[in-house]
Amino acid sequence: MELLQLQYFLAVARLEHVTEAARSLHVTQSSLSKTIQRLEEDLGVPLFDRTGRKLRLNAFGSRFLHRAERALFELEQGKQELSDLSSPEHGTIELAVTNASTLPNILREFQKKHPQIQFHVQMLTTQEMVTLLHRGEVDYCLSSPPLHGDDIECQTVFIDPILVAVPLGHQLADRSSVSLTELKDERFVGVKRGYTTRDLVDSVCSSAGFVPKYVYEGNEPTRLSALVEAGIGIAFIPSTAMNAREQIHYLQVEEQELVREIALLRHKSRYISRAAQEFREVVLEYFEAISEQTS
């Protein structure tokens, strides 16, 4: 059994399609098919049920997938550990986030302290993040909400108040706080259902006796501020997403605890490189500083 066979097997198992797997591996379909066939011959059992170019793991393949993922995971950890030992001042960090509002400031601070360390960031859905965490393919994740699992280490780093954003000149712009019931007749701009903040806000508003009337629902949280500024509607925006340069006034929500938790996540068995340790320290220092400013 060869390492290349395991790598090809994982690609096919995840994509369940020969053409797509070959494209992702930058090899020909015939080369990929022959490699999978040799692996099955070595193991003495078929790993896939085949329908044309589509392949689906059978009972043998599903059982073998877990072992193959674990084997490649351990080899990758060993590779990272040796790289860290040979060049501790350099390295690359694999990061994932569910929301990027705090990321620019964190990465700016990290680059100031460690300009020689590279990073790669992915913006993911919660489910995508869970998949990469279970595979051990990322060093750290910043997630809201926190995610829990037997192989996931989860540390809440910040409790982020969700504020009401109104344009300057709005009837509430001279207030410092507002009750939710006062907002029942307002027009809202927001992200679509399925986003953590949106689902949380809708639930809290429902408990206050009304359903927000959305005139805009999108996939880009960063666009909400511009829509509020333009007077299209008001919005619920986390405090970490505030921008002092915007022509927007922010109000606290009265009588309700409207907050989101931001957590730092990692796979418990993934090797923590020197670079990853340094990143974690920057994250904790950043949110500690924000907490002190707002307390």
Side-chain angles (χ1 to χ4, degrees), residues 1-84 86-87 90-98 100 118-141 143 147 149-152 192 194 219-220 265-271 273 275-276:
M1 189 183 303
E2 301 173 3
L3 180 60
L4 189 66
Q5 291 175 324
L6 295 181
Q7 293 171 333
Y8 283 14
F9 166 69
L10 256 62
V12 175
R14 290 169 180 171
L15 295 173
E16 296 187 333
H17 198 283
V18 174
T19 303
E20 293 178 7
R23 187 180 299 119
S24 71
L25 294 166
H26 306 291
V27 299
T28 64
Q29 295 180 34
S30 61
S31 174
L32 176 58
S33 296
K34 289 177 182 177
T35 302
I36 295 297
Q37 185 177 354
R38 286 198 303 272
L39 175 62
E40 291 178 320
E41 290 172 354
D42 289 343
L43 294 172
V45 294
L47 300 172
F48 297 94
D49 293 328
R50 291 166 169 80
T51 307
R53 296 289 181 185
K54 291 282 290 181
L55 292 89
R56 187 175 298 277
L57 286 173
N58 58 25
F60 296 119
S62 296
R63 184 68 63 89
F64 186 65
L65 176 62
H66 173 72
R67 299 293 186 181
E69 285 182 327
R70 187 66 188 174
L72 290 177
F73 172 78
E74 290 297 337
L75 288 172
E76 181 61 27
Q77 300 317 293
K79 179 181 175 182
Q80 289 192 17
E81 187 171 1
L82 293 179
S83 175
D84 202 31
S86 64
S87 184
H90 297 78
T92 300
I93 312 173
E94 289 292 334
L95 306 172
V97 296
T98 55
Q118 305 297 313
F119 53 81
H120 176 247
V121 184
Q122 299 182 69
M123 182 85 167
L124 302 174
T125 65
T126 301
Q127 188 53 53
E128 289 170 336
M129 184 172 287
V130 168
T131 298
L132 288 193
L133 276 169
H134 285 320
R135 292 179 186 167
E137 294 182 6
V138 286
D139 290 297
Y140 278 109
C141 301
S143 174
L147 304 174
D150 292 339
D151 57 353
I152 296 175
K192 293 181 179 179
N219 290 319
E220 300 179 52
L265 315 173
R266 62 174 291 268
H267 191 292
K268 290 180 179 178
S269 299
R270 183 177 171 92
Y271 173 72
S273 67

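Reckoned from all heavy atoms, side chains included, excluding hydrogens, waters and symmetry mates.
Residues satisfying the ring-ring contact (aromatic ring centres under 6.0 Å, His included) test with F9, not counting sequence neighbours, are F48, F64. Partners of Q7 under the side-chain contact (heavy atoms from CB on, under 4.5 Å) rule, at least two apart in sequence or in another chain, are L3, L4, L72.
The pair R135-E76 fails the salt-bridge criterion, with no side-chain N (NZ, NE, NH1 or NH2) lying under 4.0 Å from an Asp/Glu carboxylate O. R50 has a carboxylate O that lies under 4.0 Å from a charged side-chain N of E40, or vice versa, which qualifies the two as a salt bridge.
To the nearest 0.5 angstrom, Q118 atom CD is 9.5 Å from I93 atom CD1. To the nearest 0.5 Å, atoms CD (E16) and OG1 (T51) are separated by 10.5 Å. Atom CG of residue L132 and atom CD of residue E137 lie 5.5 Å apart, to the nearest 0.5 angstrom. A distance of 11.0 Å separates CE of M129 from OG1 of T131, quoted to the nearest 0.5 Å.
Looking only at distances, no side-chain donor or acceptor of D139 sits under 3.5 Å from a matching main-chain atom of L95. S62 places no side-chain N or O within donor-acceptor distance of the main-chain N or O of A59, the cut-off being under 3.5 Å. Within the 3.5 Å criterion, the main-chain N or O of G136 finds a donor-acceptor partner in the side chain of R270.
The closest side-chain heavy-atom distance from L147 to V130 is below 4.5 Å.
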